[in-house]
Q: 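Below you will find the structure I want to go over with you.
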Amino acid sequence: MAAVPPLPAGLRCRCLRCGEGALLSGMRDMREACGHRDCDLRAHDAGDGPDVLVILLLGALVVAAALVVEAKFSPPLWIHAVPWPIFILGGAIAMLRPSKATLVAPQFRHRDL
Ligand SMILES: [Zn+2]
């Protein structure tokens with residue numbers, strides 16, 4: 001069983017065993033060890049699940065927002081073409097690491113490796 005509550009540690013992208021070391025390196029790669037207490041993290045990975053989660057959530061949010069803006073204001077097409085890609089890129093960058101860590105968190109809770 002995990003030593004720290006997995007969901008808060010996952011949302012902070014911290015090691016799910018000690019709660020202090022880094023869980024990820026780069027945007028979405030699991031580290032082999034957390035670097036704080038050398039916790040072994042090699043057996044845990046969420047695969048492409050976080051990517052799919054971000055695509056579905058962000059896609060639904062942006063499509064809904066674009067439909068609301070279009071229905072209320074009927075702006076020219078370039079108004080849609082400029083802000084939405086920026087929002088999508090920023091949102092994907094902001095959501096990817098926490099979603100990866102949060103989807104790995106149940107593995108620490110339920111898989112005792
Ligand atoms: Zn650790």
Side-chain angles (χ1 to χ4, degrees):
M1 179 163 295
V4 297
L7 189 57
L11 288 173
R12 292 180 19 236
C13 299
R14 291 293 163 211
C15 174
L16 298 165
R17 292 207 189 282
C18 68
E20 296 297 327
L23 183 66
L24 304 172
S25 66
M27 281 300 294
R28 57 180 302 267
D29 295 329
M30 289 288 296
R31 296 172 59 114
E32 291 187 2
C34 76
H36 182 67
R37 294 187 185 169
D38 292 330
C39 304
D40 187 8
L41 304 173
R42 289 176 292 180
H44 303 282
D45 194 5
D48 292 334
D51 304 334
V52 172
L53 179 69
V54 168
I55 289 168
L56 293 176
L57 287 177
L58 206 53
L61 183 65
V62 168
V63 167
L67 288 174
V68 168
V69 168
E70 179 62 29
K72 284 195 172 233
F73 306 109
S74 297
L77 187 57
W78 71 268
I79 294 292
H80 287 292
V82 172
W84 299 127
I86 296 169
F87 181 78
I88 290 169
L89 184 63
I93 290 171
M95 291 173 63
L96 194 54
R97 286 174 53 94
S99 67
K100 173 90 175 188
T102 302
L103 288 181
V104 170
Q107 293 179 8
F108 279 83
R109 170 72 85 188
H110 299 292
R111 290 171 60 193
D112 196 20
L113 296 174

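Both counts, for ligands and for their atoms, begin at 1 and track the order of listing.
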Q: Working to 10°, measure the angle at the Zn ion (ligand 1) formed by atom SG of Cys39 and atom SG of Cys18.
A: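 Vertex at the Zn ion (ligand 1): approximately 120°.
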
Q: Please step through side-chain contact (heavy atoms from CB on, under 4.5 Å) for the pair Leu77 and Glu70, ending with a clear verdict.
A: CA-CA 9 Å; Leu77 187 57; Glu70 179 62 29; over 6 Å; no

Q: Check whether any side-chain N or O of Arg12 sits under 3.5 Å from a backbone N or O of Gly19 as a donor-acceptor pair, and report yes or no.
A: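 Between the backbone of Gly19 and the side chain of Arg12 there is a qualifying donor-acceptor contact (under 3.5 Å).
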
Q: Mind telling me whether Trp84 and Phe87 have parallel, tilted or perpendicular rings, with 30° and 60° as the class edges?
A: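 Because their plane-to-plane angle is over 60°, the rings of Phe87 and Trp84 count as perpendicular.
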
Q: Does Glu32, at its CD atom, have more than 12 non-hydrogen atoms belonging to other residues, nucleotides or ligands within less than 6.0 Å?
A: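 At most 12 heavy atoms, drawn from other residues, nucleotides or ligands, come within 6.0 Å of this atom.
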
Q: N/O/S atom of His36 under 2.8 Å from the Zn ion (ligand 1), yes or no?
A: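 Not a single backbone or side-chain N, O or S atom of His36 is under 2.8 Å from the Zn ion (ligand 1).
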
Q: What angle sits at the Zn ion (ligand 1) between SG of Cys15 and SG of Cys34, to 10°?
A: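 Taking the Zn ion (ligand 1) as the apex, I get 120° for this pair.
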
